[in-house]
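Read the structure below first, then the notes.
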Amino acid sequence: MPELPEVEHLRRSLVPLLLGKQFFHVSLNREDILTRLGVKRNLQLALLKDGVVRALHRCGKNLALEMCDGRVLAVHLGMSGQFLVLSAGEHKDRVLTHAHAVWQFGAPSQKTPAHYLVFRDPRRFGGITSAPDMETLLRLRWSKLGPDALSLTHEFLAACLISKVRTLKATLLDQSVIAGLGNIYVDEALFAARLHPTRTPASLEPGDVLHLHRAIRTILARAVSAGGSSIRDYLDGKGERGSYATRHQVYGRAGAACRRCGTILESAAVAQRTTVWCPQCQFI
DNA sequence: ATGGGATCCTGTGAGC
DNA sequence: TGCTCACAGGATCCCA
């Protein structure tokens, strides 16, 4: 389940593989992945054909490939999405199921595709879309996101928590409040900040907000350098797994002992998500 | 206006 | 061993 660290690590792994490369051919095997992002299919994905990759951007869990002529391919991995670069040989040998879109690309001078970029997504909670330029993508989609969790300031966190009546868990999962946190890192951040997931943001003391801010920044930074958390499906652009899952304190550990105090970790659905916390360390 | 619930979808693993 | 079925999750839509 890719969250900010996984998408950022993916972005970094794709930069050396894609920058300056040209897309020669695109094959789209499922048209409905184009509409899953809630944007009308008013632009053909095929527009990216012949595009040369200028930059890879990220906001929250969203990734965007910007071409030299301005066109943009926006990607959301959903739950099980993967964006893989394969050599021609690998692409020929491997049987890839759920490969919904495949780009052939290579160096602009060659005109011979040497590699394949594959978007696969078994559960199809993800999607791709295109835009004529970054400005349009920002206006249509990314403007609806809160600030990116990696660059979140303490002041902004305090401001966006102050009036909320929802639980902390629901608030932090809301991408329009903060972009990039998902079920894993919300649970991990709340544990690190010793805050119970069902607390209301309005009940937080200034010190709590400080701890939460520090926890979010620290955990995300560590997870990015560890290559993210590979639970089931997540792979980076080279097809490699992230190692941060071995360092989870609470996520996926319900019924096990808290690594801080030894109390058995509890689990329940909060904001319709499986939530794990330590009843001793995390105060209501 | 706001939040909660249903919905989409398929691979995995527990249980019989 | 093989089958069934609940479960996992992000974002969107609908309704209270």
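What you are looking at is a predicted structure, and each value in this text was computed from that prediction instead of being measured. Naming convention: chains lettered A, B, ... in sequence-line order (proteins, then strands); numbering from 1 in each chain.
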| said: Measuring to OP1 and OP2 of C:dT12, would you say a side-chain N or O of A:R141 lies under 4.0 angstrom away? | reply: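 So the side-chain polar atoms of A:R141 do come within 4.0 Å of the phosphate oxygens OP1 or OP2 of C:dT12, strictly under.
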| A:T274 side chain N/O closer than 4.0 Å to the phosphate oxygens (OP1, OP2) of C:dG9? |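 So the side chain of A:T274 is within the cut-off, an N or O lying under 4.0 Å from OP1 or OP2 of C:dG9.
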When you measure from the side chain of [X], which nucleotide among [options] comes out closest?
| X | options | answer |
| --- | --- | --- |
| A:R124 | C:dG9, C:dA11, B:dC9 | B:dC9 |
| A:H98 | B:dC9, C:dT12, B:dT10 | B:dT10 |
| A:R166 | C:dG9, B:dG3, B:dG11 | B:dG3 |

| message | Check the orientation of A:F119 and A:F83. Use parallel for under 30°, tilted for 30 to 60°, and perpendicular for over 60°. | response |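 Answer is perpendicular, since the angle exceeds 60°.
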| query | Taking the inter-plane angle between the rings of A:F105 and A:F23 on a 0 to 90° scale, is it parallel (under 30°), tilted (30 to 60°) or perpendicular (over 60°)? | reply |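 Aromatic pair A:F105/A:F23 classed perpendicular.
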Every protein N/O within reach of nucleotides 5-7 of chain B N/O, cut-off under 3.5 Å:
residue : atom : partner : partner atom : Å
B:dG5   : OP2  : A:Q272  : NE2          : 2.8

In whole angstrom, give the distance that lies between atom [atom1] of [X] and atom [atom2] of [N].
| X | N | atom1 | atom2 | answer |
| --- | --- | --- | --- | --- |
| A:R30 | B:dC8 | CZ | P | 14 Å |
| A:K61 | C:dT12 | NZ | P | 11 Å |
| A:L181 | C:dG10 | CG | C1' | 13 Å |
| A:E3 | C:dA8 | CD | P | 15 Å |
| A:Y251 | C:dA8 | OH | P | 9 Å |
| A:Q82 | B:dC9 | CD | P | 19 Å |
| A:L77 | C:dG10 | CG | C1' | 11 Å |
| A:L34 | C:dA11 | CG | P | 18 Å |

| Is there a donor-acceptor contact under 3.5 Å linking the side chains of A:D133 and A:T136? |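 Per modelled atom types, A:D133 and A:T136 side chains form a pair under 3.5 Å.
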Contacts of type salt bridge (Lys or Arg N to Asp or Glu O under 4.0 Å), residue [X], not counting sequence neighbours:
| X | value |
| --- | --- |
| A:E135 | A:R139 |
| A:R54 | A:E66 |
| A:R12 | A:E8 |
| A:K169 | A:D187 |

| How far does the helix from B:dT2-C:dA16 to B:dC16-C:dG2 bend, going by the axes of its first and last five pairs, to the nearest 10°? |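 It works out to 50° between the end axes.
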| field | side chain to side chain contact (heavy atoms under 4.5 Å, CB included) between A:L19 and A:L14, intermediate numbers included | value | CA-CA 8 Å; A:L19 229 51; A:L14 288 176; over 6 Å; no
| query | Do A:R30 and A:D121 sit within salt-bridge range, that is, some charged N less than 4.0 Å from a carboxylate O? | reply |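 A:D121 and A:R30: not salt-bridged.
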